[in-house]
*Asks:* 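I have a structure I would like to understand better, so I am pasting it below and will then ask my questions one at a time.
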Amino acid sequence: MPHLPPEHRPVLEHARKLYLACHYQDEVWSEELRARVRPLVDDGLARIDRLR
């Protein structure tokens, strides 16, 4: 996570917390975090493309 831009960290921190402590059916995502998922994915894909 330290290699991620700060704006993407909250999404993965939340997902990690849910993975470790929550059942799938009990997951809750705020609208703010949900809105940050696509930019995180796009950034990850761009990083992969640059490495190829």
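Computed over heavy atoms, backbone and side chain alike; hydrogens, waters and symmetry mates excluded.
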*Asks:* By salt bridge (charged side-chain N to carboxylate O under 4.0 Å, His left out), which residues pair with E31, not counting sequence neighbours?
*Replies:*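 Listed in chain order: nothing, the list is empty.
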
*Asks:* With ILVMFWY side chains joined below 4.5 Å, transitively, what does I48's cluster contain besides itself?
*Replies:*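 Once heavy-atom contacts under 4.5 Å are chained together, I48 still belongs with nothing else.
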
*Asks:* How long is the straight-line distance from CG of L12 back to CG of L40, given to the nearest 0.5 Å?
*Replies:*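 Going from CG on L40 over to CG on L12, the span is 5.0 Å.
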
*Asks:* Looking at residues at least two apart in the chain, or sitting in another chain, which of them share a ring-ring contact (aromatic ring centres under 6.0 Å, His included) with H14?
*Replies:*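 Expected list: W29.
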
*Asks:* Show every side chain to side chain donor-acceptor pair (under 3.5 Å) that has at least one partner inside residues 41-52, sequence neighbours left out.
*Replies:*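 Checked against side chain to side chain donor-acceptor pair (under 3.5 Å) - neighbours excluded - the pairs reaching residues 41-52 are R38-D42, D43-R47, D49-R52.
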
*Asks:* Using links of under 4.5 Å between side-chain heavy atoms of ILVMFWY residues, direct or through other members, which residues join V28 in one cluster?
*Replies:*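 Grouped by the 4.5 Å side-chain rule, V28 forms a cluster of one, so the answer is none.
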
*Asks:* Tabulate below the donor-acceptor pairs under 3.5 Å that side-chain atoms of residues 19-26 make, not counting sequence neighbours, or state none.
*Replies:*
none

*Asks:* Please list, chain by chain and in numerical order, all residues satisfying side chain to side chain contact (heavy atoms under 4.5 Å, CB included) with P39, sequence neighbours excluded.
*Replies:*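 Expected list: H8.
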
*Asks:* Can you list every pair that meets salt bridge (charged side-chain N to carboxylate O under 4.0 Å, His left out) and has a residue in residues 5-24, with sequence neighbours left out?
*Replies:*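 Every candidate salt bridge (charged side-chain N to carboxylate O under 4.0 Å, His left out) pair involving residues 5-24 fails, so no pair, neighbours aside, qualifies.
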
